[in-house]
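Report on the following structure.
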Amino acid sequence: MSIFENQAIEIEKSCTKNNGGMKMKALASDFDRTLFFYDESGSYYRLEDVQAIKHFQSLGNLFGVCTGRSYKGIEDFNPHQIDYDFYILCSGAKILDKEGNLIYQKFIDKKIAQSIYEQYEAVDTSIVYQGDMYVLNRTFDLSPRVKLITSFNQVGEQFEAFSLHFKNNDEAGKEYTKMIDMFGDVIDVYQNERHLDFAAKGCSKGKGIKRIIEFYGLAYEDMAAIGDSWNDIPMLKSVENSFTFNRSHQTVKNVAKYLVDGIDGCIEELIKCHK
């Protein structure tokens, strides 16, 4: 038995309520660079995080993702068989329950996305349409999971997600400001490092969190969230127990209530008594 499990069991014993059990909590986690990592050697999860997540769920709590990715973008990268209790996808524009049943969805109109793309016709672009990933201008890392297209005419009228992928964070930051000025009244946009993720107007990770709270009948104080980048700020602002990392950008740290080194540290905090 690991040190983490020993500590968690002791905390669990000390935190029992009058009814003999702990009050159910829920944790929503960003995916890329929060739960799922990648470097020059490949992709990986921190095993301490996976172990902590499964233990957190074994105590009767909920764990789910809150991400700009699509459903396939999560499930195709799940070697440790994490059993998610909910999915907040496409920056809050699509929400699924544990079984993959639809809780909420709002689409991006193709004409709006095409108007944006026309400003950046040489930029690496991705589209999620009917659950599949399509890319334009992709010259590298074209996996079998994505489909290369050369025109918007090759996909339908409603997108689940739409993203532009720039060379670096600074370039993405400059274009983010332009996108807000040009299209902010018809679509929402979030910077995620060097990427700009677009969502249907009125959608965000934060609003996705609120829909999960309502769907599961959770108390506001029992919902927590963890993320690492600018696009996670709406999510972190939507909960009382917000977490980010010691390595995160200062603007993200300024929003979070707790700083941790990993999801395991976040979960250790959540299963303590909060008197």
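No experiment lies behind these values; they were computed from the predicted model shown.
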Item checked: Joint hydrophobic cluster, Ile209 plus Ile233, side-chain heavy atoms closer than 4.5 Å -> yes
Check: Which atom names give the shortest non-hydrogen contact between Met223 and Leu27, and what distance separates them?
Finding: CE-C, 4.5 Å
Check: Heavy atoms, side chains only, cut-off 4.5 Å: are Ile88 and Thr67 in contact?
Finding: no
Notebook entry, point to check: Which heavy atom in Glu268 sits nearest to a heavy atom in Lys272, and how many Å separate them?
Noted result: O-CG, 3.3 Å
Notebook entry, point to check: Is Ile74 close to Phe36 at the side-chain level, that is, under 4.5 Å between some pair of heavy atoms?
Noted result: no
Note to self: Does Lys174, at its NZ atom, have more than 12 non-hydrogen atoms belonging to other residues, nucleotides or ligands within less than 6.0 Å?
What the structure shows: no
Note to self: Using modelled atom types and a 3.5 Å cut-off, is there a donor and acceptor pairing between side-chain atoms of Asp232 and backbone atoms of Asp228?
What the structure shows: yes
Item checked: Arg69 charged N/C atom sitting above Phe77 aromatic ring, 6.0 Å / 45° -> yes
Notebook entry, point to check: Going by an N to O cut-off under 4.0 Å, is there a salt bridge joining Lys98 and Asp83?
Noted result: yes
Next item on the list: Take Asp85 and Gln57 through the side chain to side chain donor-acceptor pair (under 3.5 Å) test and state the conclusion after the steps.
Entry: CA-CA 9 Å; Asp85 293 297; Gln57 291 174 306; 2.9 Å; yes
Item checked: Asp197 versus Ser91, side-chain donor and acceptor atoms under 3.5 Å -> no
Item checked: Worked check of side-chain contact (heavy atoms from CB on, under 4.5 Å) between Leu89 and Ile95 -> CA-CA 6 Å; Leu89 306 167; Ile95 304 174; over 6 Å; no
Margin query: For residues Tyr84 and Val50: do they belong to one hydrophobic cluster (side chain heavy atoms under 4.5 Å, members Ile, Leu, Val, Met, Phe, Trp, Tyr)?
Written below: yes
Check: Do Asn169 side-chain atoms and Arg194 backbone N/O form a donor-acceptor pair below 3.5 Å?
Finding: yes
Notebook entry, point to check: Between Thr34 (side chain) and Phe31 (backbone), is there a donor-acceptor pair under 3.5 Å?
Noted result: no
Next item on the list: Measure from the side-chain N and O atoms of Asn192 to the backbone N and O of His195, and report whether any donor-acceptor pair falls under 3.5 Å.
Entry: no
Next item on the list: Write down the atom of Ala225, the atom of Leu236, and the distance for their closest heavy-atom approach.
Entry: O-CD2, 3.8 Å
Margin query: Main chain of Gly100, side chain of Asp97: is a donor-acceptor contact present, judged purely on distance under 3.5 Å?
Written below: yes
Check: Honestly curious: do Leu259 and Phe243 fall in one hydrophobic cluster under the side-chain, below-4.5 Å linking rule?
Finding: no
Notebook entry, point to check: Side chains of Tyr104 and Cys203: closer than 4.5 Å at any heavy-atom pair?
Noted result: yes
Item checked: Exceeds 12 heavy-atom contacts within 6.0 angstrom, atom NZ of Lys237 -> no
Next item on the list: Could you walk me through whether Asp32 and Tyr38 pass the side chain to side chain donor-acceptor pair (under 3.5 Å) test, one step at a time?
Entry: CA-CA 8 Å; Asp32 293 282; Tyr38 33 87; 3.3 Å; yes
Next item on the list: For the pair Glu175 (side chain) and Leu196 (backbone), establish whether a donor and an acceptor sit closer than 3.5 Å, ignoring hydrogens and angles.
Entry: no
Next item on the list: Could you tell me whether the side chain of Glu160 and the main chain of Gly131 form a donor-acceptor pair under 3.5 Å?
Entry: yes
Check: Can you name the closest pair of heavy atoms from Ile116 and Met179 and give their distance?
Finding: CG2-SD, 3.7 Å
Notebook entry, point to check: Got a sec: does the NZ of Lys210 have more than 12 other heavy atoms crowding it under 6.0 Å?
Noted result: no
Margin query: Do Leu35 and Leu270 land in one hydrophobic cluster if side-chain heavy atoms of ILVMFWY residues count as linked below 4.5 Å?
Written below: yes
Item checked: Val252 versus Gly227, closest heavy-atom pair with distance -> CG1-O, 4.4 Å
Checklist line | Spatial distance of atom CG (Asp109) from atom OG (Ser115) [nearest 0.5 Å] | finding: 9.0 Å
Check: So does Asp30 pair up with Lys205, basic N to acidic O under 4.0 Å?
Finding: yes
Checklist line | Matching residue for Phe198 among Phe162, Tyr190, Tyr176, Tyr117 - test: ring-ring contact (aromatic ring centres under 6.0 Å, His included) | finding: Phe162
Next item on the list: Determine whether Tyr258 and Ile267 fall in the same hydrophobic cluster, where Ile, Leu, Val, Met, Phe, Trp and Tyr are linked whenever their side-chain heavy atoms lie under 4.5 Å apart.
Entry: yes
Item checked: Cationic N near anionic O, under 4.0 Å, Glu214 to Arg211 -> no
Next item on the list: Report yes if some heavy atom in the side chain of Phe107 is under 4.5 Å from a heavy atom in the side chain of Tyr129; otherwise report no.
Entry: no
Notebook entry, point to check: Which distance, rounded to the nearest 0.5 Å, do you find between the OG of Ser204 and the CE of Met235?
Noted result: 10.5 Å
Checklist line | Gln154 side chain to Ser151 backbone, donor-acceptor under 3.5 Å | finding: yes
Next item on the list: Please step through side chain to side chain donor-acceptor pair (under 3.5 Å) for the pair Ser229 and His249, ending with a clear verdict.
Entry: CA-CA 7 Å; Ser229 193; His249 303 283; 4.7 Å; no
Next item on the list: Assert yes or no for the condition that the ring centre distance of Phe86 to Phe215 is strictly below 6.0 Å.
Entry: no
Notebook entry, point to check: Any side-chain heavy-atom pair from Val155 and Ile149 closer than 4.5 angstrom?
Noted result: yes
Note to self: What I'd like to find out is whether the side chain of Leu102 reaches to under 4.5 Å of the side chain of Lys94, using heavy atoms alone.
What the structure shows: yes
Item checked: Note, Tyr134 side chain near Asp132 side chain (heavy atom, < 4.5 Å) -> yes
Check: With distance as the sole test, does Lys207 use its side chain to make a donor-acceptor pair with the main-chain N or O of Ser238 at under 3.5 Å?
Finding: no
Next item on the list: Using a 4.5 Å cut-off on heavy atoms from C-beta on, say whether the side chain of Lys54 contacts that of Phe56.
Entry: no
Notebook entry, point to check: Is the Phe37 to Tyr44 ring centre distance short of 6.0 Å?
Noted result: yes
Item checked: Test side chain to side chain donor-acceptor pair (under 3.5 Å) applied to Asp261 and Asn246, step by step -> CA-CA 6 Å; Asp261 290 323; Asn246 290 302; 2.7 Å; yes
Notebook entry, point to check: Judged by atom type as modelled, is there a donor-acceptor pair below 3.5 Å linking the side chain of Ser242 to the main-chain atoms of Lys257?
Noted result: yes
Margin query: Does this structure show an ion pair linking Glu75 with Lys72, if we count only N-O contacts that are shorter than 4.0 Å?
Written below: no
Notebook entry, point to check: Which atom names give the shortest non-hydrogen contact between Gly262 and Asp49, and what distance separates them?
Noted result: C-OD1, 3.9 Å
